[in-house]
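A short write-up of the structure that comes next.
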Amino acid sequence: MWWRALFAGLFGAILTCGAAAAAFDRAAIASQICGGAAGMTDAANAMLAGLVDATTDDARWAAALSGAAIDRSLKCGPQDPAIVAPEGAVNAATLSPVEGSVGTSPLLSLKNRPLFETVRAAATLRSGAAVNDRGAALTALERRAGSLRPEFFEKAAEAETDAGLRSRILAVGQAALLNSPDMSKRIAAIERIAATPDRRSLTRIEALKSDPAYQTDPGFRMAVDGGVASIGRWLSVSNALNVFYNGLSIASILFMASAGLAIIFGLMGVINLAQGEFIMIGAYVAYAVQEALRAVAPGLIDWYLIAAIPVVFLATAGIGVALEATIVRRLYTRPLMTLLATWAVSLLLVNLMRVTVGTQNLQFVTPWYISGGRLLMGDFIVTWNRLFAIVFAGLTLGLTWFVLKRTPLGLNIRAVTQNRAMAGCVGVATRRVDMMAFGLGSGLAGLAGLALCPIYNVNPQMGSNFIVDSFMVVVLGGVGTLAGTAFAALGVGQINVLIEPLYGAVAAKVIVLLMIIAFLQWRPEGLYAVKGRRK
């Protein structure tokens, strides 16, 4: 009859609910904790076993009880065990308030304390606590994953709502399966761990070479060796990508610092020792834009790097134009004097900044779009701040190329660079071109300072750290050539990254300098020879 089917369904539901509610015999477990060291061990093991299928309420109770045992707020006396907290005492089995409790706190042995810490972490992971608390609990469980049943992590991952934490739970569960008595599960876990190649995975799988099964089971040994080999290959690829990415980020900064110098040196033959200070000024102007947005529109402060681009370029280009018109223009026929004059200007700018702003490093806001990074494969992480510098340098290269190749100003700069006298004869205002080119080169240096803000210490001395490298890049690439400057910056950046881990930063710079000297002995004009020389 229909009523029999309905009764059977209701009875089954009641039994199911009762089984879930009876995951723990709370009173018995609380009494066991108060029964000595052996009872504590039995209570901890019972809670660890029950947490696989425990309800959220049971998990919260287990977290509270194990935490009370660790913190010694659990009281065992003639009455039922109770947990004493500043807000009052509660019954250890039901967590209902009690009038008061007297007794002593059981002392965990060195053996039982790790067990209860594991219980607290596992229960916190299943209790619906805040995501940060669940993440901290999982971190604690990573060191003790082998003491939990693999099914625990599967159930925890099913109930987890945060995607990132869920993937971490599954990863820890896979590590726990490495100790499973079922060999097929161990081999499957090795394959899953090898599918995410990183240093931690390599360490976990290599540790299995000391397992007895590695010597006795050919299938297990083949899985371990295959996993180690696969991770090793991917790590080699990721290490190569890391070297290339770091070298590319250094090359992007070197290019931006050198591009303006290449234009000025190639066009006018002026050795501008103040070029590094234009980098410093660009960074300080970017800081001024940040502080202006902080005062006027705090909600837009994350976009100060974008808003500062035109301001930095115009400010540094204006200073460069003023420097050319007042000092450099009068010294074109005396190269040594231009070198000394620009060196004096660099000292003036550095000390002026020290007096007005100070010598301390400026504190920049890190916008959300350049914070953190992303792990792509193995140990290869793309950090957004370095990617910003690379993309910004690429855009700067493209715009500079467009100005030099597709605008009247660029046509005049190329004409004056190739043959100044002939360009003047056909009506090109060479002095005006010099001034505009000096401003363009100074503006590019200022943009380099802006790109350095998120990844470098900004202080009055920062420019002097780039002037020598900039001149090396310009001479290596070929004086006055944009393409040569870009390729030289890429080469110097990559070689620095390759040599520095082996011999140190100072030795790397010395080796790079010696390599450049040797290259110039073979090819004095650099990578790209200019078509004409300034007369």
Side-chain angles (χ1 to χ4, degrees), residues 41-42 44-54 110-112 114-119 121-123 125-126 134-135 137-160 163-242 375-381:
T41 303
D42 293 339
N45 290 330
M47 287 188 285
L48 286 176
L51 281 171
V52 175
D53 299 310
L110 294 178
K111 174 186 175 182
N112 286 325
L115 281 175
F116 276 82
E117 289 175 349
T118 302
V119 171
L125 190 62
R126 297 295 310 276
R134 299 199 304 273
L138 182 61
T139 301
L141 288 177
E142 288 180 355
R143 300 187 298 270
R144 306 184 178 105
S147 62
L148 293 165
R149 290 166 54 189
E151 295 82 1
F152 169 82
F153 295 101
E154 295 176 3
K155 294 292 183 67
E158 291 175 2
E160 182 55 55
L165 190 56
R166 186 187 306 115
S167 63
R168 284 184 58 198
I169 293 173
L170 291 174
V172 175
Q174 291 167 5
L177 284 173
L178 292 177
N179 299 316
S180 172
D182 189 336
M183 188 58 66
S184 62
K185 291 183 178 181
R186 298 187 74 182
I187 294 175
I190 292 172
E191 294 174 351
R192 285 195 295 268
I193 292 174
T196 55
D198 54 26
R199 295 290 175 185
R200 178 178 294 182
S201 300
L202 181 62
T203 301
R204 285 174 175 171
I205 296 181
E206 279 190 329
L208 296 176
K209 290 184 176 181
S210 60
D211 192 286
Y214 183 79
Q215 303 296 334
T216 59
D217 192 314
F220 182 78
R221 181 169 60 253
M222 184 179 298
V224 171
D225 292 341
V228 170
S230 175
I231 294 175
R233 286 192 298 270
W234 282 109
L235 286 180
S236 298
V237 174
S238 68
N239 289 338
L241 289 174
N242 269 324
L375 179 65
L376 292 186
M377 57 170 292
D379 292 335
F380 177 47
I381 300 176

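Fair warning: this is a prediction, and the values are worked out from it, not measured in the lab.
- Proximity of a side-chain donor or acceptor of S230 to a complementary backbone N or O of G227 within less than 3.5 Å is not detected.
- The distance from atom CD of E117 to atom CG of N112, rounded to the nearest 0.5 Å, is 11.0 Å.
- With sequence neighbours left out, L375 forms a side chain to side chain contact (heavy atoms under 4.5 Å, CB included) with I381.
- The two atoms that bring L125 and A156 nearest to each other are CD2-CB, 4.1 Å, heavy atoms only.
- In this structure, A140 and A121 approach most closely via the heavy-atom pair CB-CB, 4.1 Å.
- For the residue pair L51 and V119, the shortest heavy atom distance occurs at CD1-O, 4.0 Å.
- Counted within 6.0 Å of CE on M222, heavy atoms from surrounding residues, nucleotides or ligands total 12 or fewer; the atom is thus considered open.
- Residue E158 holds its CD atom at 14.0 Å from CZ of F153, rounded to the nearest 0.5 Å.
- When every heavy atom of L235 is checked against every heavy atom of P197, the shortest pair comes out as CD2-O, 4.3 Å.
- A donor-acceptor contact shorter than 3.5 Å links the side chain of R126 to the backbone of V52.
- In terms of the side chain to side chain donor-acceptor pair (under 3.5 Å) criterion, N242 has no residue partners (sequence neighbours excluded).
- Note on residues 215-234: no pairs pass salt bridge (charged side-chain N to carboxylate O under 4.0 Å, His left out), not counting sequence neighbours.
- Using modelled atom types, one finds no donor on one side chain facing an acceptor on the other under 3.5 Å when comparing N239 with S236.
- With sequence neighbours excluded, the residues satisfying side chain to side chain contact (heavy atoms under 4.5 Å, CB included) with E160 are R134, D162, L165, R166, I169.
- Rounded to the nearest 0.5 angstrom, I231 CD1 and R204 CZ are separated by 10.0 Å.
- The nearest pair of heavy atoms linking F380 to L241 is CE1-O, 3.6 Å.
- Residues satisfying the ring pair (Phe, Tyr, Trp, His ring centres under 6.0 Å) criterion with F220, sequence neighbours excluded, are absent altogether.
- Inter-residue side-chain proximity for T139 and R168 is flagged as met; some heavy-atom pair is nearer than 4.5 Å.
- The two residues A223 and I187 have their closest heavy-atom pair at CB-CG2, 3.9 Å.
- Applying the side chain to side chain contact (heavy atoms under 4.5 Å, CB included) rule to E206 yields the partners L202, V228; only residues at least two apart in sequence or on another chain are considered.
- Annotation: the span from R186 atom CZ to L208 atom CG amounts to 6.0 Å, rounded to 0.5 Å.
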